[in-house]
Protein chains: 2
Amino acid sequence: MIDTTDLTRNQDLVFKALVDAAVPLSAYTILDRLRDSGLRAPLQVYRALNTLCEKGLVHRLESLNAFVACARPDCHRHETVAFAICDQCNQVSEFSDTEVEARLDAWVRGREFRAERTTIEIRGTCKGCAG
Amino acid sequence: MIDTTDLTRNQDLVFKALVDAAVPLSAYTILDRLRDSGLRAPLQVYRALNTLCEKGLVHRLESLNAFVACARPDCHRHETVAFAICDQCNQVSEFSDTEVEARLDAWVRGREFRAERTTIEIRGTCKGCAG
DNA sequence: TTTGGAAATGTTATAGCATTACATGACTTG
DNA sequence: CAAGTCATGTAATGCTATAACATTTCCAAA
Ligand SMILES: [Zn+2]
Ligand SMILES: [Zn+2]
Ligand SMILES: [Zn+2]
Ligand SMILES: [Zn+2]
């Protein structure tokens with residue numbers, strides 16, 4: 001289980017901003033929303049985001065250059081998490097698939113490639129927006 | 001099979017720069033390497049890259065903000081291509097796995113999500129660099 | 001041959017994302 | 001207290017990508 005009690009002030013502000021948004025936010029959007037709370041510079045946000053990502057409370061979405069609060073407290077049981085991202089409403093669905101993990105792992109092991117971090121992002125349109 | 005004969009001047013320059021490099025390059029690195037060939041502005045490179053990506057001759061690597069020449073002339077038979085990227089030597093291995101595609105497709109179809117573009121990128125260390 | 005449309009190009013400026021460098025402060029531990 | 005570590009503050013800079021607009025090239029239809 002993930003611990004949210006030992007966050008510093010800035011980390012807590014950034015995390016709460018992402019949880020409130022419920023959709024991915026860029027670092028600069030987070031900064032704008034936290035200026036009234038005292039944040040002044042991008043680096044304050046990026047530092048908090050780095051720590052939050054390391055703790056697994058936040059995920060970086062590479063194809064958006066944005067960050068989203070983790071939707072699944074147990075996602076750390078998986079090495080790899082996948083994201084389905086709706087380009088209309090920005091909703092993100094986070095999931096994992098052990099078979100996908102196994103196939104990718106088999107591929108890299110077969111080539112003696114040491115995997116550190118895997119990104120899986122599906123961009124498209126969600127059910128509600130396609131309707 | 002992919003056709004490389006109908007490229008415009010700028011597209012051809014950018015494509016050859018990527019083929020020569022054999023590793024991913026950022027748009028600005030490409031621009032630097034092509035200044036002697038007449039390119040002056042980022043947009044000239046980005047426009048060529050967009051076209052090359054649409055044709056499937058080039059892939060964008062989201063986790064690097066960089067571009068790489070397609071290594072597999074037949075990769076278009078697959079909706080989805082995966083990349084193993086060595087952070088030491090920058091070598092990229094491009095592959096596809098129909099089972100991975102099928103599992104991801106099953107997930108999105110189950111939620112009536114319409115997938116447009118899927119990114120799979122594995123960052124790590126290749127066999128040669130791990131020693 | 002002319003003409004009109006589509007696509008590519010050239011150029012400047014600007015917007016958006018991320019890090020470097022350095023100084024300061026808070027807190028712990030011996 | 002002194003030293004070490006971690007978080008913070010601030011300014012400056014660098015990297016990535018697009019907007020806006022003018023011009024040129026090419027090709028096909030009239
Ligand atoms: Zn998660
Ligand atoms: Zn949607
Ligand atoms: Zn390819
Ligand atoms: Zn390597």
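Just so it is clear: chains get the letters A, B, ... in the order the sequence lines come, proteins before strands, and each one is counted from 1. Please read all numbers here as calculations on a predicted model, not as lab measurements.
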J.: Using whole Å, report how far CD of Gln44(B) lies from C1' of dA7(C).
T.: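 Result: 15 Å.
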
J.: Report the residues that fulfil ring-ring contact (aromatic ring centres under 6.0 Å, His included) with Phe113(B), sequence neighbours left out, ordered by chain and then residue number.
T.: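 Per chain and number, Phe113(B) pairs via ring-ring contact (aromatic ring centres under 6.0 Å, His included) with no residue.
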
J.: If you take all heavy atoms of Ala17(A) and Ile30(A), which pair is closest and at what distance?
T.: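 Scanning both residues completely, I find the closest heavy atoms to be CB-CG2, 4.4 Å.
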
J.: Asp6(B) CG to dC27(D) P: how many Å, rounded?
T.: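 Spelled out: CG on Asp6(B) to P on dC27(D) is 12 Å.
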
J.: Which nucleotides of nucleotides 15-20 of chain D have their base under 4.0 Å from a protein heavy atom (B), which only their sugar-phosphate (S), and which neither (-), written as one string 5' to 3'?
T.: -BBBBB

J.: Glu121(B) side chain to Glu62(B) main-chain N or O, any donor-acceptor pair under 3.5 Å?
T.: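 Yes, the answer is positive, given that a donor and an acceptor are paired below the 3.5 Å cut-off.
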
J.: Expressed in angstrom and rounded to an integer, what is the separation of Leu13(A) atom CG from dA7(D) atom C1'?
T.: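 Atom-to-atom, Leu13(A) to dA7(D), this comes out as 14 Å.
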
J.: Send over the distance from Leu49(A) CG to dT19(C) C1', rounded to a whole Å.
T.: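 Value for this atom pair: 14 Å.
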
J.: Whole Å only: how far is the CG atom of Leu7(B) from the C1' atom of dA8(C)?
T.: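 Distance, rounded to whole Å: 13 Å.
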
J.: Let me know the distance between CZ of Arg9(B) and C1' of dC26(D), rounded to the nearest Å.
T.: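 It is 17 Å, rounded to the nearest whole Å.
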
J.: Under 3.5 Å, side-chain donor or acceptor atoms of residues 83-92 of chain A against the rest of the protein: list the pairs with distances, not counting sequence neighbours.
T.:
residue, atom, partner, partner atom, Å
Asp87(A), OD1, Arg123(A), NE, 2.7
Asp87(A), OD1, Arg123(A), NH2, 3.1
Gln88(A), OE1, Thr125(A), OG1, 3.2

J.: Salt-bridged, Asp12(B) to Lys16(B), with N to O below 4.0 Å?
T.: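 Judged by the 4.0 Å cut-off on N to carboxylate O distance, Asp12(B) and Lys16(B) do form a salt bridge.
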
J.: Measure CG/Leu31(A) against P/dG9(D) and give the value in whole Å, please.
T.: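 That distance rounds to 12 Å.
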
J.: Any carboxylate oxygen within less than 4.0 angstrom of a Lys/Arg side-chain nitrogen, looking at Arg33(B) and Asp20(B)?
T.: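 Answer for the salt bridge query: no.
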
J.: Measuring to OP1 and OP2 of dT9(C), would you say a side-chain N or O of Thr8(B) lies under 4.0 angstrom away?
T.: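 Affirmative; the distance criterion is met.
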
